[in-house]
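Following: one structure in structure tokens, then a few remarks.
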Amino acid sequence: MQTVQLTKDSQKDILNSLLKRSPGNYGQYESVVADIIANVREKGDTAVFDYTKQFDKWDISAENIRVTDAEIQAAFKQAEDAFVAVMKKSAANIEAFHKKQLRNSWIDTKPDGSILGQRILPIAVSGVYVPGGKAAYPSSVLMNVIPAKVAGVERIVMTTPAGADGLVNPGTLVAAKIAGVDEIYKVGGAQAIAAMAFGTESVPKVDKITGPGNIFVALAKKACFGYVSIDSIAGPSEILVIADESANPRYVAADLLSQAEHDTLASAILITTSVTLADQVSEQIEVFLKELPRADIIRESLGNYGYILLADSMDSAVDAANAIASEHLEILTKDPYQVMTRIKNAGAIFLGEYSCEPLGDYFAGPNHILPTNGTARFFSPLNVDDFLKKTSLISYSREALEKAHADIELFAEKEGLTAHANSIRVRFE
């Protein structure tokens, strides 16, 4: 990791470096993704099957594209009982947290007969994409599906690639069953996103697509946005730790590495007011790297996007954290709650030395699908609202409209929309 004195210039340089990881900077792949989407949109199943045979190397057809109940039962037999039990506990925590986000439709009536309100309904069909192979993450299945179930979505469709043997990762299938997925299709990549966005003979069209994926999946979601809703264009994982001299350097090092192991584009940043802590964390990182199986990935990640920033004060540390707007933010200080009150931009905030980032990834309940690449300045974690749609309700009596009609007519005429004004005026001729 690079140790850098935190200044306005160094902060700007780091922000520019981090933003280079955005999926928006991978334009060289957009034409490939556009061709896949156009082909799936035009040819449906035929294109999906061709791409699956080309990329995933197995003989897919309309008869075997959908995961069967027998395959799900076999997955449960392969999974360890202890792992299944943990997933069920995690699912219960996620459900309990997201139930607190639910809100109701409302109506507001006035004496003059006007009625205003908002009707809140779930979307009809939600689609979730789940990576396969070595990148299979059952925890993401729970995080994507359970908020949709809490919102009341009646039909949840999942796509995930199968291996060359035509089988899906058993942990993914177990998590899907626990979370409440209704249908699972063995399709991956940009072709899976296109299939859910536009529908094929086998894969149903959905209203929203959520879930992580590689750059082709991310670009496909971006290209299909508008035809279908999406959660976000997710970038590489990132963690930022704010720490003072009271922090345990071994904990800080371990937490930084927990995100650096994701891939070589992951970002891990420590901002500290203590030079001593900075040195100790560097030492502990080297200790851990001798033990961790993914050390090669971690070293490259830290070399590219790992920083220890030395801040003159906690105020400047907080300012830098707000500017970076990290996906995960840990606060390991004497009074983390006081520091937290000054944080404006973060996907999720972890307070205190026993609230490490993996707690949020797997078990606590808040969603781990978080805004990345500085988008925590204006985006939120995946939540129940993402699966709800709001419709405004308006009802005026003649008495209520009569009080307002002259104002509305004036407004419409000032905008040159005389037919708008006439629509009001004819009611009082």
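One is the number of the first residue; the rest follow in order along the sequence.
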Does [X] pair with [Y] as a salt bridge, N-O distance under 4.0 Å?
X: Lys99; Y: Glu95; value: yes
X: Lys208; Y: Asp386; value: yes
X: Asp385; Y: Arg103; value: yes
X: Glu71; Y: Lys186; value: yes

Can you tell me if [atom1] on [X] sees more than 12 non-hydrogen neighbours from other groups inside 6.0 Å?
X: Lys390; atom1: NZ; value: yes
X: Tyr396; atom1: OH; value: no
X: Asp108; atom1: CG; value: yes
X: Phe378; atom1: CZ; value: yes
X: Asp296; atom1: CG; value: no

Item checked: Shortest non-hydrogen separation from Leu270 to Ala243 and the atoms involved -> CD1-CB, 3.9 Å
List the atom pairs, with distances to 0.1 Å, where a side-chain N or O of residues 353-364 and a protein N or O form a donor-acceptor pair under 3.5 Å, not counting sequence neighbours.
unit_1	atom_1	unit_2	atom_2	d
Ser355	OG	Leu351	O	2.8
Glu357	OE1	Gln259	NE2	2.6
Glu357	OE2	Gln259	NE2	3.3
Glu357	OE2	His328	NE2	3.0

Checklist line | Those residues that, when tested against Asp315, pass side-chain hydrogen bond (donor to acceptor under 3.5 Å, both in side chains) (two or more places apart) | finding: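 By the side-chain hydrogen bond (donor to acceptor under 3.5 Å, both in side chains) rule, Asp315 matches Arg342.
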